[in-house]
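In what follows, a single structure is set out as structure tokens and then discussed.
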Amino acid sequence: MLGKNKRSIVAFSLGLVLAMAMYLVPGMTSDAIAKEVFAEQVFAEEAFAKEVQAEEAAEGEGEPEIEWGQDVFYKDWEGNPLKGPVSGHPAPELGETDYNTYSFAPSRMLLWVANQQHLYFGSFVLAVPIFCMIIEFIGIRTKEEDPVMSAKYDRLAHDLMKVSLTAYSWTAILGGVLLFTFITLFPGFFKYMAGIFRPVMHVYALMFLAESGVLYVYYYGWDKMKEDPFLKWIHCSLSVLLNLIGTVLMYLANSWATFMQAPGGIDSEGRFLGNIWHVIHSTLWNPVGVHRILGNIVFGGGIVGAYAAYHYLTAKTEEERAHYDWVCYVAMFIAIFGLIPLPFAGYWLMKEVYAFRQQMGITLMGGIMAWLFIIQAVMIGLLFFGANSYLHNGMSRVKGSHRYMKYCKYMVLLLICCFTMWMTPHTIVMTPAELKAMGGAQHPVVGHFGVMSAKNTAVNLMITTTVLCFLLYQRANKKITVPWATVGNCWITAIFIGAAANIIFLGVYGYFLPANQRVGLSVPQVTSTLTTLFAGTAINISMFKDSESYGDIEWGSQSKVGTYAIFLLAISFTWLMGLMGYIRSAVRLFWHVTEVVRDNSVDAYTLTIGEAGKMLTFNTLFVWVQFVVVFWVGSLTGKKVVTKAPEGVPVPAQQQQ
């Protein structure tokens, strides 16, 4: 679907799967690895403690004793808090004089804006190199079979890196703004964090320098290393190195945020216990990292898609329209690939939040933050509507798609039903009279759709529908010729019907189980959905072998509705990223570091939904203004300078012929 080369989509899909595995598997498996390492570490620390105590006893009185503290999170095999030598100062008890303010805006709002803008650009510059790595790899692999498509892939990757290079400088500037805001407005709290994360900050700075060096060599060496096959592979390897460094940077930065929400490696007084890995590797570190990687991919795909969609709508030539239409498709493909597993990563994160502090999870899902999750459901629903709208409209430009277009209306109807179910609140804010008339805060009928059994069912059916839509798009212009085509179609049909039946059955069954058992049903529901994604895609692609084509895709003929769907997806995800960041931060309520460092500033209050919505909208509009500027700056180097021959200069006779 990405071009004339039939194997390109296969290679592209495999490339994405391999890239995702490279980034997700370490994070997903690190818990198991951590448990093994944990056992060895506990025994080593206990042995070290005994050794220290023995030395103290041998040296007798007069020598300084080591003070031991109990970790607030890590425990030994008997469930007792792990002990460690106190190596830092206790958490400060901050007063109003420990905060600085400006008269024109609350300090908390200024820090929120600075942090959010840096995160937006950080996500973009981390996502784009992933795209470039995959696209450049596909271009190298297809060079011998289809040099035209290979050059097209290479040009696309180069153009994306050009935009990313400008955004990278912008991200560094915003990082400096964030640092200065932190130091000047929250000096007491920053001093405490710097005391604990001192070695992490130095490593972060070194990794930032390393990423800058690799990035500039990767971009400016593009043309020099383009023609020679060996140098081209070296160049592609630099993109792998660039992404690895970027991932380490992101995980280091995540450690500060996850420490604030779920601290580890310190005692109850906030004193560092000497093990920096415990401070970094808190309980939320891995799920936040995986969630953020997927989020970066969707966000980056949305931004690149919007960039291409703008150029598509303003293109002057058919060739230019065809090119940017193709770029839109590639960006959307990447965004949808990251969007499908994103809710599952969110489930994992919430599970770890509940495991750390059940009250924190209740505050999020059933307390003062509950309505923010209703808004989140609306935004995610818009994302799925946007993705399906683009695919439905995009099918109209594919010859042979008429066979599947008749199913689109049923898929839209199912999406609407699931979306309505997903955004149904558990309780409703009412006046006392309304409350009395209805008999409670929960509606006797509609209220049943506000619990997790219904919501898990709804979101899994939405994801399954999106996967089905994508498979139909894949095969729209394919005339399947393999002898086992009927069997393959039956298998795909059985997989989707079986998955839908299992998801609905488990959703209904959940109403008859206690809440603690009901949570476990989400695992087989997710498994059913992932089966449609991986098994369905694998069978579908296998059936393309030796298939005939109904005709080339008419790139450049995408409808305006489908193009506007890309803008909807990009804006929705920008707003959604801000919302989820706010939820994760606000759930700490009046703590800088949960139960360790209290927020005693005058801004230590939870915003109303309206106030939070205004701030989120401002951040979204502000970052898009910046993106427009960055894209404009990036396009300056791509504009061709028209040279005009000076007047009055005689033209040689041989050039007139």
Side-chain angles (χ1 to χ4, degrees), residues 69 71-73 86-119 122 174-205 251-276 278-285 288 356-357 360 363 581-607 612 615 619:
D71 201 301
V72 295
F73 173 70
V86 175
S87 306
H89 299 289
E93 294 182 4
L94 302 174
E96 292 187 6
T97 56
D98 293 309
Y99 301 91
N100 295 318
T101 59
Y102 291 107
S103 58
F104 60 89
S107 299
R108 181 182 179 184
M109 300 302 178
L110 294 176
L111 185 62
W112 182 358
V113 172
N115 196 10
Q116 190 63 60
Q117 299 304 314
H118 178 61
L119 281 176
L174 290 174
V177 173
L178 172 61
L179 179 62
F180 292 140
T181 306
F182 224 133
I183 294 174
T184 54
L185 299 183
F186 294 81
F189 176 55
F190 182 81
K191 182 180 179 181
Y192 172 70
M193 292 290 287
I196 293 180
F197 284 93
R198 183 175 60 252
V200 178
M201 290 182 175
H202 283 99
V203 174
Y204 184 87
Y251 269 86
L252 290 177
N254 286 348
S255 66
W256 308 331
T258 54
F259 172 82
M260 292 169 64
Q261 187 173 352
I266 58 174
D267 63 7
S268 58
E269 298 180 16
R271 298 178 298 184
F272 178 50
L273 297 181
N275 191 323
I276 192 62
H278 285 177
V279 175
I280 297 173
H281 186 254
S282 59
T283 182
L284 303 182
W285 193 55
V288 167
F356 176 74
R357 288 290 186 276
M360 189 180 286
T363 302
Y582 168 68
I583 289 175
R584 281 201 301 271
S585 178
V587 74
R588 288 182 281 113
L589 300 178
F590 39 80
W591 295 98
H592 287 307
V593 178
T594 302
E595 301 171 0
V596 175
V597 183
R598 191 180 179 91
D599 183 356
N600 290 319
S601 68
V602 294
D603 304 321
Y605 61 91
T606 301
L607 299 176
M615 282 298 298
N619 275 322

Donor-acceptor under 3.5 Å (Trp285 side chain, Asn254 main chain):
no

Donor-acceptor pair, side chain of His118 and main chain of Gly175, under 3.5 angstrom:
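Here the side-chain-to-backbone pair exists.
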
Show the numbers, then the answer: is there a side-chain contact (heavy atoms from CB on, under 4.5 Å) between Phe186 and His592?
CA-CA 11 Å; Phe186 294 81; His592 287 307; 4.0 Å; yes

Set of residues satisfying side chain to side chain contact (heavy atoms under 4.5 Å, CB included) with respect to [X], sequence neighbours excluded:
{"X": "Pro106", "value": "Met109, Asp603"}
{"X": "Leu179", "value": "Ile183, Phe190"}
{"X": "Ala91", "value": "Tyr192, Val596, Val597"}
{"X": "Asp71", "value": "Phe73, Tyr74, Leu82, Leu273, His278"}

Restricting to pairs with a member in residues 261-273, which pass side-chain hydrogen bond (donor to acceptor under 3.5 Å, both in side chains), not counting sequence neighbours?
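Qualifying pairs: Glu67-Arg271, Asp267-Arg271.
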
Pairs in or reaching into residues 100-112: which pass side-chain hydrogen bond (donor to acceptor under 3.5 Å, both in side chains), with residues at least two apart or in two chains?
none

Between Thr258 and Thr283, is the side-chain contact (heavy atoms from CB on, under 4.5 Å) condition met? List the steps.
CA-CA 8 Å; Thr258 54; Thr283 182; over 6 Å; no

Taking all non-hydrogen atoms of both residues into account, name the closest pair between Thr181 and Ala114 and its distance.
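That closest heavy-atom pairing would be OG1-CB, 4.0 Å.
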
Can you see which heavy atom on Ile266 is nearest to which on Pro263, and at what distance?
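What the structure gives for the nearest pair is CD1-CB, 4.0 Å.
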
Report the C-alpha distance between Gln117 and Asn619 in whole Å, list the side-chain angles of each, state the deciding distance to 0.1 Å, and finish with yes or no for side-chain hydrogen bond (donor to acceptor under 3.5 Å, both in side chains).
CA-CA 7 Å; Gln117 299 304 314; Asn619 275 322; 3.0 Å; yes

Under the criterion side-chain contact (heavy atoms from CB on, under 4.5 Å), I'd like the reasoning laid out for Val593 against Phe189: C-alpha separation, chi angles, the key distance, then a yes or no.
CA-CA 9 Å; Val593 178; Phe189 176 55; 3.8 Å; yes

Set of side-chain hydrogen bond (donor to acceptor under 3.5 Å, both in side chains) partners for Ser255, sequence neighbours left out:
none

side-chain hydrogen bond (donor to acceptor under 3.5 Å, both in side chains) against Asn115, all qualifying residues, sequence neighbours excluded:
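side-chain hydrogen bond (donor to acceptor under 3.5 Å, both in side chains) check on Asn115 returns nothing, list empty.
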
Kindly compute the distance separating [atom1] ([X]) from [atom2] ([Y]), expressed to the nearest 0.5 Å.
{"X": "Asp98", "Y": "Asn600", "atom1": "CG", "atom2": "CG", "value": "8.5 Å"}
{"X": "Thr594", "Y": "Arg588", "atom1": "OG1", "atom2": "CZ", "value": "6.5 Å"}
{"X": "Ile196", "Y": "Ser87", "atom1": "CD1", "atom2": "OG", "value": "11.0 Å"}
{"X": "Thr363", "Y": "Ile583", "atom1": "OG1", "atom2": "CD1", "value": "12.5 Å"}
{"X": "His281", "Y": "Phe259", "atom1": "NE2", "atom2": "CZ", "value": "15.0 Å"}

Less than 4.5 Å apart, any side-chain heavy atom of [X] and any of [Y]?
{"X": "Tyr99", "Y": "Leu94", "result": "yes"}
{"X": "Leu178", "Y": "Leu111", "result": "yes"}
{"X": "Leu110", "Y": "Phe104", "result": "yes"}
{"X": "Met615", "Y": "Gln116", "result": "no"}

Would you sort out whether Phe590 and Thr606 count as a side-chain contact (heavy atoms from CB on, under 4.5 Å), showing the intermediate values?
CA-CA 8 Å; Phe590 39 80; Thr606 301; over 6 Å; no

For the residue pair Tyr204 and Trp256, is the inter-centroid distance of their aromatic rings smaller than 6.0 Å?
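Yes, they do, as the ring centres are separated by less than 6.0 Å.
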
Quick one: list whatever passes salt bridge (charged side-chain N to carboxylate O under 4.0 Å, His left out) with Glu595, sequence neighbours left out.
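Glu595: salt bridge (charged side-chain N to carboxylate O under 4.0 Å, His left out) contacts with Arg357.
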
Can you name the residues that form a salt bridge (charged side-chain N to carboxylate O under 4.0 Å, His left out) with Arg198, not counting sequence neighbours?
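Applying salt bridge (charged side-chain N to carboxylate O under 4.0 Å, His left out) to Arg198 gives none.
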
Could you pull out all residues at least two apart from Phe272 that satisfy ring-ring contact (aromatic ring centres under 6.0 Å, His included)?
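Counting only residues at least two positions away or on another chain, Phe272 forms no ring-ring contact (aromatic ring centres under 6.0 Å, His included).
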
Partners meeting ring-ring contact (aromatic ring centres under 6.0 Å, His included) with Phe356 (sequence neighbours left out)
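Result, ring-ring contact (aromatic ring centres under 6.0 Å, His included) vs Phe356: none returned.
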
